There are 2 protein chains.
Amino acid sequence: MSTSQEQDQLKNRRRGKELEAAILQAVREELTERGYSNLTMDSVAERAGTSKAVLYRRWANRAELVLGAIRERVPLPLEEVPDNGNLRDDVCGVLRAMNQNNIQVMLNAFYGLVAEMGDMPLASFIFPHGRQNRTMSILLERAVERGEVSAEAVTPRMLTLPSDLARHELMLYNAPMSEETIANIVDEVYLPLVLKR
Amino acid sequence: MSTSQEQDQLKNRRRGKELEAAILQAVREELTERGYSNLTMDSVAERAGTSKAVLYRRWANRAELVLGAIRERVPLPLEEVPDNGNLRDDVCGVLRAMNQNNIQVMLNAFYGLVAEMGDMPLASFIFPHGRQNRTMSILLERAVERGEVSAEAVTPRMLTLPSDLARHELMLYNAPMSEETIANIVDEVYLPLVLKR
DNA sequence: CAAATAAGAAACTTCAAGTATCTTATTTGG
DNA sequence: CCAAATAAGATACTTGAAGTTTCTTATTTG
């Protein structure tokens, strides 16, 4: 028997970037459906409708392949940072956004990668382009202009504190944060430190 | 040729708890010297001077074995919580203690376990007996008595905040925190939130 | 001291990583 | 347009580690 997919493969043999994109997509689907530890080179090759040799021509090993598949999809700096008119809602929005975007799948993959590549710290996967926080810079700048926050309060620590606590929560529990947790971080920790009084 | 160790094994065949303790010690040494991903059942058996069958009689798989080896050694609640006479030094002491005790080896193992046992969150390994902070409770109680902190300031979040930030740092970088980092957590985040003003 | 129990040795099965070889589709350059 | 180069795809292979099985033998226990 020959399925239509098999026929596609016979007719159109993909190459180069097109093939590569299909493979990386297959990796992401495997990660989502079966997790890092159940992802095998064979399962990826089969899902992508290609063969293992093709994978090894592009990536040196499984870790590199997975890394390639998730690196593309890491941080997405919003061009338009939403403006709610007050710092509280702005920061809550940032933390809510961290719940999105298959964070759990990514973290599972990161843990596998860190365990496998003993030397690389988690940070090198989570912050592939260095640890910045452009979004928080913008939000705080606006808050300073509004008069909610004084300029001296804007320190490096205050750029990362809410997302650090949120990430800690996500890493520990591998589940989206509740609204209560988000509110607690913002209202009990962050705002008392940065708002003028 | 027969080494003295081989002869020991022939003469004294260990059993029960004694043998089990030797195996778990071997696991910890393998984790320390070679890391989770290079720890194999054979390497553990060889180091412990026993055989793989003995391991499988006691633990269902590699993950259970490693779990058994690190569970024993998890949190050690200090009976004597040191009193420096001020909250700042007390909390710095708590964070400094988190640098100790092969935290990096443990984290590497935790990551491997989480990746392998897809369902268990990191928290279940890091807080095997639930998330409490007896030490911080004691320190804050003393600070309240001293008048440094008001009783209402002692909330659940304030019991965990410094160690949460420290753990986040340790998890990300897999390296001991610098004194600067410790001081920053305590002076720029924690004390401004809890000290009376 | 005999029977039961558990340790240890070693061979085996299974599965996945990674390699090698060969055929064939597609591209490219003359 | 065709021949040569290139890369895809199939398949078989090697290696290493998890986990199993079987057998022998040391140690305990009654």
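These numbers were taken from a predicted model, which means no experiment stands behind them.
Rounded to whole Å, atom P of dT23(C) lies 14 Å from atom CZ of Arg13(A). Atom CZ in Arg58(B) sits about 16 Å away from atom P in dT5(C), given to the nearest Å. Rounded to whole Å, the distance from CG on Asn12(B) to C1' on dT27(D) is 11 Å. When the P atom of dA26(D) is taken as reference, atom CD of Glu18(B) falls 17 Å away, rounded to whole Å. Following rounding to the nearest Å, Glu46(A) (CD) and dA17(C) (C1') show an atom-to-atom distance of 17 Å. Spacing between atom CG of Asn38(A) and atom P of dA17(C) amounts to 11 Å, rounded to whole angstrom units. The CD-P distance, from Glu20(B) to dG8(C), rounds to 13 Å in whole Å. Regarding Lys17(A), its NZ atom lies at a distance of 12 Å from the P atom of dA8(D), rounded to whole Å.
Under the side-chain contact (heavy atoms from CB on, under 4.5 Å) criterion, Ala26(A) pairs with Val44(A), Arg47(A), Ala48(A), not counting sequence neighbours. Residues forming a ring pair (Phe, Tyr, Trp, His ring centres under 6.0 Å) with Tyr111(A) (at least two apart in sequence, or on another chain): Tyr111(B). Residues passing the side-chain contact (heavy atoms from CB on, under 4.5 Å) test with Ala175(B): none are found, sequence neighbours excluded. For Thr32(B), the side-chain contact (heavy atoms from CB on, under 4.5 Å) partners are Val105(B), not counting sequence neighbours.
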Q. Where along nucleotides 14-20 of chain D does protein come under 4.0 Å, by heavy atom, of base (B) or sugar-phosphate alone (S), with - for untouched nucleotides?
A. ---SBBB
Which donor-acceptor pairs under 3.5 Å do the side chains of residues 154-164 of chain A make with protein atoms, sequence neighbours left out?
{"unit_1": "Thr155(A)", "atom_1": "OG1", "unit_2": "Met158(A)", "atom_2": "N", "d": "3.3"}
{"unit_1": "Thr155(A)", "atom_1": "OG1", "unit_2": "Glu188(B)", "atom_2": "OE2", "d": "2.4"}
{"unit_1": "Arg157(A)", "atom_1": "NE", "unit_2": "Asn184(B)", "atom_2": "OD1", "d": "2.6"}
{"unit_1": "Arg157(A)", "atom_1": "NH2", "unit_2": "Asn184(B)", "atom_2": "OD1", "d": "3.1"}
{"unit_1": "Thr160(A)", "atom_1": "OG1", "unit_2": "Arg157(A)", "atom_2": "O", "d": "3.4"}
{"unit_1": "Thr160(A)", "atom_1": "OG1", "unit_2": "Asp164(A)", "atom_2": "OD2", "d": "3.1"}
{"unit_1": "Ser163(A)", "atom_1": "OG", "unit_2": "Thr160(A)", "atom_2": "O", "d": "3.1"}
{"unit_1": "Asp164(A)", "atom_1": "OD1", "unit_2": "Arg131(A)", "atom_2": "NH2", "d": "2.8"}
{"unit_1": "Asp164(A)", "atom_1": "OD1", "unit_2": "Arg167(A)", "atom_2": "NH1", "d": "3.1"}
{"unit_1": "Asp164(A)", "atom_1": "OD2", "unit_2": "Arg131(A)", "atom_2": "NH2", "d": "3.1"}

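One cannot find a donor-acceptor pair under 3.5 Å joining the base of dT28(D) and the side-chain atoms of Arg15(B).
In this structure, Thr50(A) reaches the dG9(D) phosphate: one of its side-chain N or O atoms is under 4.0 Å from OP1 or OP2. For Arg14(A), no side-chain nitrogen or oxygen approaches OP1 or OP2 of dA25(C) to under 4.0 Å.
Between the CG atom of Leu113(B) and the CG atom of Leu122(B) there is a distance of 9.5 Å, given to the nearest 0.5 Å.
Taking a pair to require two hydrogen-bonding distances under 3.5 Å in either a Watson-Crick or a G-U wobble arrangement, dA9(C) pairs with dT22(D). Base pairing analysis places dG30(D) opposite dC1(C); the two distances defining the Watson-Crick or G-U wobble pair are each below 3.5 Å.
Nearest to the side-chain atoms of Arg57(A) among the listed nucleotides dT21(C), dA6(C), dG8(C) stands dT21(C).
Closest of all the heavy-atom pairs between Ala123(B) and Tyr173(A) is CB-CE2, 3.4 Å.
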